[in-house]
Participant: 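Could you have a look at this structure, given as C-alpha cells, before my questions?
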Amino acid sequence: MIQVMTEMTKGFTDDDLRNFSDFIAKLPAPKPSADAGDGARMQRAAALITQNRCNSCHNLDLAGRENIPHIANQREDYLVKTLRDYKSNARRGYDGVMAEVLAPVSDEQMGDLSYYIARFPLTTNR
C-alpha cells in the first residue's frame, strides 16, 4: 500500500499534500457495523484493548488524536492486515510502539481485536 500511495503522490507539492490531508481529515467517520458481533469474541477483545492499553493512545472511543489514527469502525480486513504489518515491521509507526505493543499478541488475538474494533461503537454507551 505504501508503494501505491508513494507512486500516486510523487508529483505532489507540499501544498498538494496539505490540501489532500485536509480533505481526508474532513471525511466523516466510518459508519458502525450493523453486526453487533459475537459476545464472547467481543469480550475477549475488550480485555485485550485494556490489557494492551490501546485506548490510552487511540482514546477511549478509539477516535485517535493528533498523529494517532481513528481506528473505530475501520474495515476488519484492513485492521487485521495493519496489525499484522505493524507486528512484523512491514509497516512502521512513528516510534515503534505498535510493534512493541503487538509483540506478545497472537494472530488469533489480532483477529479478535480487528473484529471488535470494526464493531466498536455498537459496544459502547455513547
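A quick note: this is a predicted structure, and the numbers were derived from the prediction, not measured.
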Participant: Is Phe120 reachable from Met110 through a run of hydrophobic residues whose side-chain heavy atoms are each under 4.5 Å from the next?
Facilitator: yes

Participant: Can you confirm if the NZ or CZ of Arg119 lies within 45° of the ring axis of Tyr115 and under 6.0 Å from the centre of its six-membered ring?
Facilitator: yes

Participant: Could you report the tightest heavy-atom contact between Ala103 and Lys87, atom names first, then the distance?
Facilitator: O-NZ, 3.3 Å

Participant: For Phe12, does its backbone N or O pair with a side-chain atom of Thr9 as donor and acceptor, under 3.5 Å?
Facilitator: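 Such a contact is absent between Thr9 side chain and Phe12 backbone.
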
Participant: What are the two closest heavy atoms between Arg91 and Tyr86, and how far apart are they?
Facilitator: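 Minimum heavy-atom contact is O-CD2, 3.3 Å.
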
Participant: Just by modelled atom types, is the Leu48 backbone N or O under 3.5 Å from a matching donor or acceptor in the Asn52 side chain?
Facilitator: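 Side chain of Asn52 to backbone of Leu48, a donor-acceptor pair under 3.5 Å: yes, one is there.
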
Participant: Any side-chain heavy atom of Leu62 sitting closer than 4.5 Å to one from His70?
Facilitator: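 Side chain of Leu62 against side chain of His70, heavy atoms only: no contact under 4.5 Å found.
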
Participant: Of Leu83, Val97, Asp85, which is the lone residue that meets side chain to side chain contact (heavy atoms under 4.5 Å, CB included) with Leu102?
Facilitator: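 Testing each of Leu83, Val97, Asp85 against Leu102, the sole residue satisfying side chain to side chain contact (heavy atoms under 4.5 Å, CB included) is Leu83.
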
Participant: Could you tell me whether the side chain of Asp112 and the main chain of Arg44 form a donor-acceptor pair under 3.5 Å?
Facilitator: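 Side chain of Asp112 to backbone of Arg44: no pair is present.
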
Participant: Nearest 0.5 Å please: distance from the CD atom of Glu66 over to the SG atom of Cys57.
Facilitator: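 Glu66 CD to Cys57 SG: 10.5 Å, rounded to 0.5 Å.
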
Participant: Measure from the side-chain N and O atoms of Asp38 to the backbone N and O of Arg41, and report whether any donor-acceptor pair falls under 3.5 Å.
Facilitator: yes

Participant: With rounding to the nearest 0.5 angstrom, report the OG to CZ distance, Ser114 to Arg84.
Facilitator: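 Those atoms lie 7.5 Å apart.
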
Participant: Can you tell if the side chain of Leu79 reaches within under 4.5 Å of the side chain of Leu113, non-hydrogen atoms only?
Facilitator: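 Leu79 vs Leu113: side chains apart.
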
Participant: When rounded to the nearest 0.5 angstrom, what is the spacing between CD1 in Ile71 and OG1 in Thr82?
Facilitator: 10.0 Å

Participant: Please step through side-chain contact (heavy atoms from CB on, under 4.5 Å) for the pair Ile117 and Ile49, ending with a clear verdict.
Facilitator: CA-CA 9 Å; Ile117 294 167; Ile49 292 274; 4.2 Å; yes

Participant: Check the hydrophobic clustering (I, L, V, M, F, W, Y; side-chain heavy atoms under 4.5 Å; chains of links allowed) and say if Val80 and Val101 are grouped together.
Facilitator: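 No.
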
Participant: Taking all heavy atoms of Ala72 and all of Asp61, pick out the closest pair and write down the distance.
Facilitator: CB-O, 3.6 Å

Participant: Can a donor-acceptor pair be found, under 3.5 Å and without considering hydrogens, that links the side chain of His58 to the backbone of Leu60?
Facilitator: no

Participant: Donor-acceptor check, side chain of Asp22 to backbone of Asn19, threshold 3.5 angstrom: yes or no?
Facilitator: no

